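In what follows, a structure is listed as structure tokens, so that the remarks can point back to it.
Computed from a prediction, not measured in an experiment: that's the story for all the values here. Letters go in sequence order (proteins before strands), and every chain restarts at 1.
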Number of protein chains: 2
Amino acid sequence: MCTPYHNASCKNCQDRFGSILFKAEKCNLEEIEASKVCTTYKKGQIVFQEGAYPFGIYCVNTGKIKLSHCGDDGREQIVRLAKPGDIIGYKALLSAERYTASAIALDDSSVCFIPKDLFMSILQKDASLSLEMMRILASELRKAELKITHLAQKPVRERLAETLLFIKETYGVEQDGATLNVRLSREEIANLVGTATESAIRLLSEFKKEGLLELQGKKIRLLDLEEITRAANLQD
Amino acid sequence: MCTPYHNASCKNCQDRFGSILFKAEKCNLEEIEASKVCTTYKKGQIVFQEGAYPFGIYCVNTGKIKLSHCGDDGREQIVRLAKPGDIIGYKALLSAERYTASAIALDDSSVCFIPKDLFMSILQKDASLSLEMMRILASELRKAELKITHLAQKPVRERLAETLLFIKETYGVEQDGATLNVRLSREEIANLVGTATESAIRLLSEFKKEGLLELQGKKIRLLDLEEITRAANLQD
DNA sequence: CTCATCAACTGACGCAGATCAGTTTTTCTT
DNA sequence: AAGAAAAACTGATCTGCGTCAGTTGATGAG
């Protein structure tokens with residue numbers, strides 16, 4: 001199923017995305033490079049699962065990963081979307097608890113694994129890396145708190161529009177400059193927004209009727225970014 | 001209004017709560033102790049305000065502080081409650097952005113200020129402190145993501161019960177062992193839960209009718225913790 | 001190709017909870 | 001102490017959106 005291999009160089013990630021790990025000092029990066037193990041995951045496969053204990057952190061090399069909580073009633077809540085260069089699984093590692101979210105491949109993906117002991121020891125001796133780590137954590141926290149506020153105060157329509165813009169920011173668009181560069185089911189979109197699948201579907205076709213976007217299967221073409229932004233009603 | 005003074009020793013905080021700062025090496029702690037400035041705030045006064053640039057971090061010495069976003073429509077969303085020993089304002093400092101939340105005293109409070117440059121320079125040379133900082137950030141992030149899931153999936157009644165338990169965990173109870181040790185308005189409780197003030201009021205008196213708690217003005221006595229926990233319907 | 005399965009969609013309905021409006025109680029002011 | 005102002009409470013709507021149920025369309029297996 002998952003094929004492990006060593007040959008994906010960190011250098012690739014550095015050149016392509018300037019991943020966080022490149023804040024590390026050179027010698028430390030070399031250590032990481034030497035110990036990491038790359039694994040490929042097919043779409044839908046699990047990188048790690050909620051409830052398990054972390055043995056290290058992961059760095060996305062290619063593909064797309066969703067991080068989601070499973071709610072008490074079994075409904076999924078997607079809390080993050082990761083792209084190449086992003087690291088995942090650090091929260092559980094740093095707070096020394098089990099994973100509170102599962103990581104699942106949205107596309108065929110290749111993900112590097114860095115063992116816990118190595119990462120933690122480097123973190124202790126590499127001030128530049130830890131500072132960057134804190135920056136990431138602080139920024140994620142900021143986003144999470146904003147999401148809390150919107151979830152508590154904004155109607156579904158605005159949150160859906162905001163989510164579409166967020167997906168665009170995260171994964172970008174295809175060559176046509178408008179089609180979201182990721183295939184999400186309507187249910188996944190709903191779980192990102194925090195609403196029922198049917199509501200997401202209804203509002204998407206409402207947006208379509210209003211000419212804000214085009215839908216063909218899972219492809220979503222954002223036609224009128226300005227109007228979508230207005231529909232999101234963002235102040236900040 | 002706010003009286004600055006130097007005489008609150010960090011040692012006090014250490015003995016009383018084991019604040020994060022005591023993960024710092026001794027010499028660094030002494031440096032902090034030498035440069036910090038304590039200020040007292042009367043109930044309702046602002047420690048720092050959303051939108052402003054941070055000049056340092058704060059460590060709560062005595063009292064209680066709420067951290068809240070102001071939503072687009074002006075509605076407040078409380079994202080954190082801080083107690084003595086807690087540090088606040090680190091998120092903006094670490095991500096090098098403006099404050100995304102305001103900090104307001106819920107009680108007369110005394111708060112120490114540690115200048116940005118000092119804190120950041122110590123953070124860079126003190127691995128133990130930065131690791132603890134990351135631990136805090138990771139743990140806050142975990143809580144925030146859980147809140148997102150609950151906000152998206154749980155009814156108000158369950159979230160209110162959960163919030164009451166959260167307040168108890170944070171600020172504890174008075175000598176009677178049951179009365180929440182903080183005075184929050186119904187509106188503040190609602191803004192913590194993420195609901196309308198009227199709904200919070202209604203559900204509180206519903207809880208009262210069911211014998212889960214007692215209400216006298218702003219005092220809330222939790223009578224039946226087991227039932228409240230059940231009402232919160234927590235899986236995890 | 002045909003059937004089976006699952007996702008996408010549509011409509012109807014019901015209700016949790018927001019909003020509005022009005023009353024009572026508490027708190028603050030002078 | 002009396003009056004004003006704010007908070008707490010209560011009741012009466014109203015509606016956003018979740019739920020349910022059924023149809024259509026897409027995808028994949030044999």
Which of these nucleotides, [options], is closest to any side-chain atom of [X]?
X	options	result
A:Ser205	C:dA7, C:dT10, D:dT19	C:dT10
A:Val156	C:dA18, D:dA8, D:dG18	D:dG18
B:Thr195	C:dG17, C:dA7, D:dC17	C:dG17
A:Glu198	D:dC20, C:dA18, D:dC9	D:dC20

Is there a side-chain polar atom (N or O) of [X] under 4.0 Å from OP1 or OP2 of [N]?
X	N	answer
A:Thr197	C:dA8	no
A:Lys218	C:dA8	yes
A:Ser199	D:dG16	no
A:Arg186	C:dC9	yes

Rounded distance in Å - [atom1] ([X]) to [atom2] ([N]):
X	N	atom1	atom2	answer
A:Glu188	C:dA7	CD	P	10 Å
B:Glu158	C:dG17	CD	P	9 Å
B:Leu151	C:dA16	CG	P	18 Å
B:Arg75	C:dG17	CZ	P	14 Å
A:Ile220	C:dC9	CD1	C1'	14 Å
A:Ile201	C:dT10	CD1	P	8 Å
B:Glu214	D:dA8	CD	C1'	18 Å
A:Lys208	C:dC9	NZ	P	8 Å

**Prompt:** Any donor-acceptor pair under 3.5 Å between the side chain of B:Arg157 and the base of C:dG17?
**Reply:** no

**Message:** Using a distance-only criterion (donor-acceptor N/O pair, under 3.5 Å, no hydrogens), is the base of C:dG11 paired with the side chain of A:Arg202?
**Reply:** yes

**Request:** Could you pick out which residue, A:Lys154 or A:Arg183, lies toward the 5' side of DNA chain D when each is mapped onto its nearest nucleotide?
**Result:** A:Lys154

Check [Y] with [X], please: is the shortest side-chain N to carboxylate O separation under 4.0 Å?
X	Y	answer
A:Lys147	B:Glu145	no
A:Glu227	A:Arg230	yes
B:Lys154	A:Asp72	yes
B:Arg186	B:Glu198	no
B:Lys143	B:Glu140	yes

**Request:** Among B:Tyr99, B:Phe55, B:Tyr90, B:Tyr41, find the one that has a ring-ring contact (aromatic ring centres under 6.0 Å, His included) with B:Phe48.
**Result:** B:Tyr99

**Prompt:** Cation over ring, A:Lys64 on A:Tyr171, under 6.0 Å and within 45°?
**Reply:** yes

**Request:** Give me the bend of the helix from C:dC1-D:dG30 to C:dT30-D:dA1, using the axes of the five pairs at each end, rounded to 10°.
**Result:** 50°

**Prompt:** Heavy-atom count around A:Lys168 NZ within 6.0 Å, excluding the residue itself: above 12?
**Reply:** no

